[in-house]
Amino acid sequence: MIDPALLRTEPERLIRSLRRRGLEIDITPIIELEEAARKTRQRAEEIRAAQKEAGREIARLQGSEKEAAIARVSALADEFKALESEAEKLAGQFDDVWATIPNLVDDRAADGRTDADNVEVRRVGKQTEFDFDPVDFATLGTRLDLIDMDRGAKVSGSRFGYLKGQAVLLEFGLVRFVFDRLVAKGHVPMVPPVLVREDALYGTGFFPGDREQVYSVSDDDLYLVGTSEVSLAAYHGDEIFNADELPKRYAGFSTCFRREAGTYGKDTQGLFRVHQFDKVEMFVFCRPEDSPAEHERLLAVEEEIVQALELPYRVVNVAAGDLGSSAAKKYDIEAWFPSQKTYREITSCSNTTDYQARRLKVRMRTESGNRILHTLNGTAVAIGRVILAILENHQQADGSVRMPKALIPCLGFDHLGP
RNA sequence: GGAGAGGUGGCCGAGUGGUCGAAGGCGCUCGCCUGCUAAGCGAGUGGAGGGUGAUAUAGCUCUCCCGAGGGUUCAAAUCCCUCCCUCUCCGCCA
């Protein structure tokens, strides 16, 4: 959520940001609604003050004097109730609208409406070449008996799969590999809940906008997270940090659940786009002035990991129109997939500035009062996609797949296959 | 799943309808005092949102917050309802 004061102080900034996202929203009624809510609330408070003052007098009176005073004040009480409910109605209407307004776009975010407009920041590593006929990840996964999508579909439906055999050991090796690095960099490792209350999803900006992407467990009013970003962000909800405690850096391992509504026919091959996958996610709470540098830092950590896995990749600055509602600026890392002859997203790293923090009420103490702080998130490793990238890029002529050197100590083997 | 207890400010803890945002203690901050790791004395010390003010602070002022949300009342931390959480015992499962 953006600071509502912006409506009064810099409405043109909000308009510009919305335009960059490709949204044509007339904010005039929003401004009017905010003002009406504030004014009504003010009037209600004045009545309330008078009522309380009268109440203090009543406490001192006795007998018929008291009866008379009560009779006089009850009119004030009625008036207050009416004004208050009107103020609440207006505030509720404003909140509903305001919650749907996405974060202010950072000036440095790329222009454009879709992922086609993403701006390449850099390329690292040479696109993998083979002196034999390479195959795609789906074929490799099946042939090496690492991934079983058919039985996943039988048991759970499309876009579910089994990870099997060495792929499982590879997953846990990757997790260990990544956690070792992140812990050394000061990230506190976490295994957070994957079932959360509505508040956590609202607080992180996934609700109300992306409701259809989230699995719900309606009997218990709980939701399955699509990323541990949700439970990590909500971890410090409604808390106030001392400025010297910041930044607070975390790394959460969790299974992620996504309904992938509206993606029918997209990436149907293999494990690339599935309803359930495991991921290690970085999450940071920091001072507002530090978030741009922290964003670069998270990206650097991601690049370090991808480089250690010996994957060719590029970094893109995501176009304003393709940003999620909470992100002000976002970098994706895309790994080279030889079978598709293209770079595909394997990580994502966002500066959400104060958008989530304001919704979640995460603050920091400063000399001039408490302030909303900034939050950021970034993928350390999305297991499924990284395994696929490793399969394709590191496949050998004999049908096996070599393991990146840095990973071998965490695995206990140096190749996939017999 | 059954039975019970409880959730008050950074922490402990009092408070069962009236001037309580809330005694007392601890902690913390500032000052004083003290010739010495300490003690004593004094003052201050929650959060959210408005208004006013100003270069920006400060200050002044109003409303809300005693787990959350509703209700009763002129008036609620205190009474009623719903929910959440914690603890204890029993049961069940591992």
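Convention: sequence-line order gives letters A, B, ...; per-chain numbering from 1.
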Phosphate oxygens OP1/OP2 of [N]: is one of them under 4.0 Å from a side-chain N or O of [X]?
X: A:Arg365; N: B:U45; result: no
X: A:Arg41; N: B:C64; result: no
X: A:Arg8; N: B:G50; result: yes

What's the gap between B:C66 and B:C60 when it is taken at their C1' atoms, as a whole Å value?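 Each nucleotide's C1' atom is 27 Å from the other's.
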Say we look at B:C89 and B:U37: how far apart would their C1' atoms be, to the nearest angstrom?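 My reading of the C1' atoms in B:C89 and B:U37 gives 49 Å.
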[X] near the nucleic acid: base, sugar-phosphate alone, or nothing, with a heavy-atom cut-off under 4.0 Å?
X: A:Lys66; value: base
X: A:Ala54; value: nothing
X: A:Arg60; value: base
X: A:Gln51; value: sugar-phosphate

Run the ring-centre check on A:His236 versus A:Tyr250 and record whether the distance is less than 6.0 Å.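 Yes.
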From the set B:C64, B:C85, B:G51, return the single nucleotide nearest to any side-chain atom of A:Gln42.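 Per side-chain heavy atoms of A:Gln42, the pick is B:G51.
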Between B:U19, B:G47, B:C74, which nucleotide gets closest to the side-chain atoms of A:Ile58?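 Selected nucleotide (nearest to the side chain): B:C74.
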Heavy-atom pair of closest approach, residues A:Met282 and A:Leu182: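 For A:Met282 versus A:Leu182, the nearest heavy atoms are SD-CD2, 3.7 Å.
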